[in-house]
2 protein chains.
Amino acid sequence: MELTARKKEILKVVTERYIDAAEPVGSKYIAQAMGGSVSSATIRNELADLVEMGYLEQPHTSAGRIPSPKGYRLYVNELMERRQVSDQEAAEINSALQGKMQELDSVIAQAGQMVSSIVNYPAYAVAAGKSSVTVRRYDLLPVDASSFIAVVMTDDSRVKSQLLRTELPVEAEQLPALANLLNTHFTGIHTEELGSKLMALAPQLGAELFMPLSQTIEFATAVIDSSQRSHVFTTGQSQILRQPEFQDLTKADGLMSLLTDQKAELPVLDENTPMKILIGPENVNEALKDASVVVASYDIGDNMRGLIGVVGPTRMDYATVAARLSYFAESLTKMFGKNHQLPPKEDDIP
Amino acid sequence: MELTARKKEILKVVTERYIDAAEPVGSKYIAQAMGGSVSSATIRNELADLVEMGYLEQPHTSAGRIPSPKGYRLYVNELMERRQVSDQEAAEINSALQGKMQELDSVIAQAGQMVSSIVNYPAYAVAAGKSSVTVRRYDLLPVDASSFIAVVMTDDSRVKSQLLRTELPVEAEQLPALANLLNTHFTGIHTEELGSKLMALAPQLGAELFMPLSQTIEFATAVIDSSQRSHVFTTGQSQILRQPEFQDLTKADGLMSLLTDQKAELPVLDENTPMKILIGPENVNEALKDASVVVASYDIGDNMRGLIGVVGPTRMDYATVAARLSYFAESLTKMFGKNHQLPPKEDDIP
DNA sequence: CTTTAGCACTCCTTTCCCCCGAGTGCTAAA
DNA sequence: TTTAGCACTCGGGGGAAAGGAGTGCTAAAG
């Protein structure tokens, strides 16, 4: 059977109406919405076809129709009018982004919050880690006899520091030599090698040098780890309780757990994809089978990307969410790009 | 009317039964639970008294009784058997705490997670900030012509660092002098004074010195701010959906919002109080009026305290939660105390 | 071949009612 | 003061019935 223009129009009307009202849509409404050019009986014939073709579903015999995931997919791909954010929305987004230039993770988390409040669904923001981070440089600063500060700068320009306590006293004079050792042997290499290289060097060093060296390496490893790990921030979880489809506690529970305790399971985006819409069963995660996700990415700099996603019912307002989300992502890209350097990055501990 | 021993026993039976079953408790059950020494009719007389005295409530005329907040309060204060954590529980807690010695905020957030999974209620953890933090020391490290690293150490022994980009080139040779300036004029003073002092010094400095100075001060201000701000971490929110009393969506929604988007509203503990139980209407926050909170504090060192709280229905199992929470808090205090110094603290960005 | 009016039919939802039973409150006796 | 006895209350469960939105089919019209 062929998907005529009229069938598509009907599908569009059904989808948009269902997005709005969360109730099955009847033939009479559709006929009216289409300007009354055809009767409801004609519509009913078409509806039967659309059900047969798998674009619509019927909760029960005498109910109206709702879009199936396949129907949503077609709607999103072809039928949906790509909305533009209004000037007012754009102004709101821009003003919200103003002066928010803080540490990286904080900006990212706040972006999530803003998106959630803009679209009225829960949102999540991922600070994607670079795949392989190495240390570019070490500095050691004397504090007192039993402690010093280690400063580690990574090749993605993050700088982290920590106060380290030593068991044996360390002479302030030894620190430059130690730093020199670190900078010659322990820069530009991956985590695993750090340990082995340390072991290789161990015999040549006395305990009073080895200990602070190993502490610094341990710290550097932690820095790299946290730099590589993606942190996920979520907000607006309570929004899902306000959606009629999640009045059913079991569904809400699954989603809620996902959004609070299993954030890492939330869908991400492979490189080069600016935005993606995942509808119901298209999601891999079980808890998301009854939900949809819109996720977009933005550039941060130094080959790094941020991710921002919105979780809602399959019935979610894709046009609006997609428009706002992509505008938002673009704004973030611009914002990070403007200071054509990296933004002043700060340590990122979740 | 007097609160006889038997009345108290009845109140205890009712409370514990209700905690367990979440259903109103009838006179027959109580008579049986008390060993059958008295008849249900006698119990009914007593129950009527207890209702009159405000310790119990009756959902409707022909239903059993449930404890009122006042009843819970008496139960918690007097009747509840202070539970000890079992050896097994203690072992679990201890093993969970092993090797978790990471950065401060991370430890604290994890503590919240552990508590939540131990008690099966949502939990929150607060990293309480010190009231007035000042910078103890500055270091400036050269990077290249247009950037340098600022390292700031606060008087609560946190060390933070950031890469700062300058607009005008900075000579590496100027940095020590600049650091010296900072260390003489900008240590040990509060945030507000930092700015004014900077202004006072401005006329004496050229732009190529003033800019990096002011950037460093700005960074120091941010460090102090984030050090003073309390960060709240929450987990296990989805647990509340599993409580029968929160099947009512509106109540669940309020609590959920509180636990996800208004964390700052969660009750804290004034100094010197090791643990507190807040029952239903005793809570100030509207969303918590139908819930109870058990919150405990532990010592971190340097006069700092951490807070850990559990949110549940008023019917929550106070004895178990309180026992586990206080054991947990004590364990944390011990853990932080063991390294009688501060644990290696790391930068804490939420 | 498509569209349309007409109409019987389906099935969900709401409402009402009735009954059941747990539990009470009261009375009167032990 | 305690207890047995008993009438009474009230919420909850289970149909049955009414209501209504919407369908599917048929037959006629375009």
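Chain identifiers are assigned alphabetically (A, B, ...) following the order of the sequence lines, protein sequences preceding nucleic acid strands; residue numbering begins at 1 within each chain.
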Colleague: Does the side chain of A:Arg242 come under 3.5 Å of the side chain of B:Ser257 through a donor N or O and an acceptor N or O?
Modeller: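 B:Ser257 and A:Arg242 do have a side-chain donor-acceptor pair below 3.5 Å.
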Colleague: Whole Å only: how far is the NZ atom of B:Lys28 from the P atom of D:dC6?
Modeller: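 Interatomic distance, NZ of B:Lys28 to P of D:dC6: 16 Å.
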Colleague: For the side chain of B:Arg44, counting heavy atoms from C-beta on, which of C:dG25, C:dT3, D:dT3 is nearest?
Modeller: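 Output: C:dG25.
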Colleague: Nearest of C:dT10, D:dA4, D:dT23 to any side-chain atom of B:Ser39?
Modeller: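 Of C:dT10, D:dA4, D:dT23, D:dA4 is nearest to the side chain of B:Ser39.
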Colleague: If you draw a 6.0 Å radius around CD in A:Gln32, do more than 12 non-hydrogen atoms from other residues or ligands fall strictly inside?
Modeller: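 It does not: A:Gln32 CD has 12 such atoms or fewer within range.
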Colleague: Rounded off to whole Å, could you give me the CZ-to-P distance for the A:Arg6 and C:dC1 pair?
Modeller: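 My rounded result for the distance is 16 Å.
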Colleague: Please give the nucleotide sitting opposite D:dG20 as a Watson-Crick or G-U wobble pair, both distances under 3.5 Å, or none.
Modeller: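 D:dG20 is paired with C:dC11.
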Colleague: Measuring from the side chain of B:His60 (C-beta onward, heavy atoms only), which nucleotide among D:dG24, C:dT3, D:dG11 has the closest atom?
Modeller: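 Among D:dG24, C:dT3, D:dG11, the one nearest the side chain of B:His60 is D:dG11.
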Colleague: At 4.0 Å (heavy atoms only), tell me whether B:Ala41 reaches a base, stays on the sugar-phosphate, or touches nothing.
Modeller: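 Touches a base.
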Colleague: Base, sugar-phosphate or nothing for B:Ser40? Non-hydrogen atoms, less than 4.0 Å.
Modeller: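 Contact class for B:Ser40: none.
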Colleague: Whole angstrom is fine here: how far is it from CE in B:Met34 over to P in D:dT3?
Modeller: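 Atom CE in B:Met34 sits about 11 Å away from atom P in D:dT3.
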Colleague: So, is B:Thr61 close to the D:dT9 phosphate, meaning a side-chain N or O under 4.0 Å from OP1 or OP2?
Modeller: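 No, B:Thr61 has no side-chain N/O under 4.0 Å of OP1/OP2 on D:dT9.
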Colleague: For B:Ile10 and C:dT24, what is the distance between atoms CD1 and C1' respectively, to the nearest whole Å?
Modeller: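 Computing the B:Ile10:CD1 to C:dT24:C1' distance gives 15 Å.
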Colleague: Identify the nucleotide, in any strand shown, that forms a Watson-Crick or G-U wobble pair with D:dA7, with both distances under 3.5 Å; if there is none, say none.
Modeller: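 WC or wobble partner is C:dT24.
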Colleague: Is any side-chain N or O of A:Ser62 closer than 4.0 Å to OP1 or OP2 of D:dA21?
Modeller: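 So the side chain of A:Ser62 is outside the cut-off, no N or O lying under 4.0 Å from OP1 or OP2 of D:dA21.
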Colleague: Give a yes or no on whether A:Gln262 atom CD has more than 12 heavy-atom contacts from other residues, nucleotides or ligands under 6.0 Å away.
Modeller: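 Check passes, neighbour count above 12.
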Colleague: If you check the A:Asn45 side chain, which of C:dG23, D:dT23, C:dT3 turns out closest?
Modeller: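 The answer is C:dT3.
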Colleague: Could you state the CZ-P distance from A:Arg17 to D:dA21, rounded to the nearest angstrom?
Modeller: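 Between P of D:dA21 and CZ of A:Arg17: 13 Å.
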Colleague: Let me know, please, whether B:Ser37 or A:Gly26 comes out on the 5' side of the other along DNA chain D by nearest nucleotide.
Modeller: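 The residue mapped nearer the 5' terminus is B:Ser37.
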Colleague: Do B:Lys70's NZ or CZ and the ring of B:Tyr55 fall within the cation-pi criteria of under 6.0 Å and 45°?
Modeller: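 Judged by the rule, B:Lys70 and B:Tyr55 form a cation-pi pair.
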Colleague: A:Glu23 has an atom CD; how far is it from atom C1' of C:dC11, in whole Å?
Modeller: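 The answer, rounded to whole Å, is 16 Å.
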Colleague: What is the distance, rounded to the nearest whole Å, between atom CG of A:Leu50 and atom C1' of D:dG24?
Modeller: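 After rounding, the gap between these two atoms is 16 Å.
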Colleague: State plainly whether the residues B:Glu89 and B:Arg83 are in salt-bridge range, i.e. N to O under 4.0 Å.
Modeller: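 Judged by the 4.0 Å cut-off on N to carboxylate O distance, B:Glu89 and B:Arg83 do form a salt bridge.
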Colleague: Whether A:Gln58 contacts D:dG22 is assessed here as follows: a side-chain N or O lying under 4.0 Å from the phosphate OP1 or OP2. Is that the case?
Modeller: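 Answer is no, no contact under 4.0 Å.
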Colleague: Without decimals, in angstroms, what is the distance between B:Leu47 CG and C:dA22 P?
Modeller: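 Answer to the nearest Å: 18 Å.
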